[in-house]
Amino acid sequence: MGRFAPSPSGDLHVGSLYTAAASYLDARANGGRWLVRMEDLDRPRVVAGSAAGILGTLELFGFEWDGPIVEQSKRAESYAGALDALRSRGLTFDCSCSRSWLADEERYPGSCREHPLVAAVPTATRLRVDPGPIMFADRIQGMFRQDVAAAVGDIVLKRRDGLIAYVLAVVTDDAAQDVTDVVRGADLLDNTPRQIYLQRLLGFGAPRYAHVPLLTEAGGKKLAKSARSVRLNAQAALPQLVEVFALLGLSPGSELLHASLPEAWRWAIRRWDIHRVPKRMALQLTA
Ligand code: GLU
């Protein structure tokens, strides 16, 4: 079971098309199902109409998802249940440190873990993270190892403004949806060890992970803010899809540009081999 989990904070761009195509091809080539989950938890960042826009674009590009679209905004009870399970085992603590107070810290210094607060102020909930390495074999990037306690410290599970943190939501959802294969952008590679740490505490099975390179502009600039990434042109879905197939290492020939969209997908599914995806954290688009 694979999944694509966009945040509805804007339109789908070529970088997200790349990630979506990788997870779709990986699921379909392995005879698996493919889900779409709207990660609309971070309310302040949600852009009205964006979720519908993303689904419309996916459809026009020929993606076919299985089952209903799960929206994180409707899953508060599940996240609260997971948080309570951790809290009742004494694995969490309240933290009143503000973002600005922590701004210069590379990792959480443990202030509220060691000195529980007394005053009634808005608090975040943090997980007590024990030292020790977390290791996993990423299917594209290879072995990855991180000591979460040393790298980030006690992670936030619920923010001071009451929002559930991404890490808790994603782990709860991947488990609830029986996701076996997470294929997503390399920006989340170093977030994965803390997800695995949390999965182990919650007794969830760990999916396999594959992190595809992040696409950047030709000069290496971030895509999301550049003109190129603003909007995909669904009227010209095929050439953009063929470009994405090329960047996934599938070496499409120019004759694919004359195929229909379903034919192009069938070709790519037959051809898919995750070992062909460039083993890099970033990949520049050709100008
Ligand atoms: N919602 C995240 C994003 O759009 C992706 C999370 C994931 O794939 O685990 O960056």
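Keep in mind that this is a model prediction, so the values were computed, not measured. Read the numbers this way: they start at 1 and go in the same order the structure lists the ligands and their atoms. For reference, positions follow the sequence shown, starting with 1.
If you number the atoms of ligand 1 from 1 as listed, the ones under 4.0 Å from a heavy atom of Ser7 come out as 1 (N), 2 (C), 3 (C), 4 (O). For ligand 1, the atoms lying closer than 4.0 Å to a non-hydrogen atom of Arg184 are 7 (C), 8 (O), 9 (O). Listed by number with element, the atoms of ligand 1 under 4.0 angstrom from any heavy atom of Val170 are 9 (O). Short contacts between ligand 1 and Glu39, defined as distances under 4.0 Å to a heavy atom of the residue, involve ligand atoms 1 (N), 2 (C), 5 (C), 6 (C).
The hydrophobic cluster containing Ile140 also contains Leu17, counting ILVMFWY residues as joined when their side-chain heavy atoms lie under 4.5 angstrom apart, directly or transitively. When hydrophobic clusters are built by joining Ile, Leu, Val, Met, Phe, Trp and Tyr residues whose side-chain heavy atoms come closer than 4.5 Å, directly or via intermediates, Val170 is grouped together with Leu83.
In this structure, the protein non-hydrogen atom closest to atom 5 (C) of ligand 1 is Ala5 O, 3.4 Å. Nearest protein heavy-atom neighbour of atom 7 (C) of ligand 1: Arg3 NH1, 3.3 Å.
For a threshold of 3.5 Å applied to N or O pairs, the pair formed by Asp187 and ligand 1 contains no separation below that value.
Of the candidates Tyr18, Trp272, Trp265, Tyr24 forms a ring pair (Phe, Tyr, Trp, His ring centres under 6.0 Å) with just one, namely Trp265.
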For residues 61-70, which side-chain donor-acceptor pairs fall under 3.5 Å, sequence neighbours excluded?
unit_1: Asp66; atom_1: OD2; unit_2: Arg28; atom_2: NH1; d: 2.9
unit_1: Asp66; atom_1: OD2; unit_2: Arg28; atom_2: NH2; d: 3.3
unit_1: Asp66; atom_1: OD2; unit_2: Trp34; atom_2: N; d: 2.8

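For the residue pair Thr123 and Arg159, no side-chain donor N or O sits within less than 3.5 Å of a side-chain acceptor on the partner.
The backbone N or O of His211 sits less than 3.5 Å from a side-chain atom of Gln141, completing a donor-acceptor pair.
Judged by the shortest distance from any of its heavy atoms, Tyr166 lies inside the 4.0 Å radius around the atoms of ligand 1.
Residue Val182 does not touch ligand 1, judged by heavy-atom distances below 4.0 Å.
Under 4.0 Å is where a charged nitrogen must lie from a carboxylate oxygen, and between Arg128 and Asp154 no such pair does.
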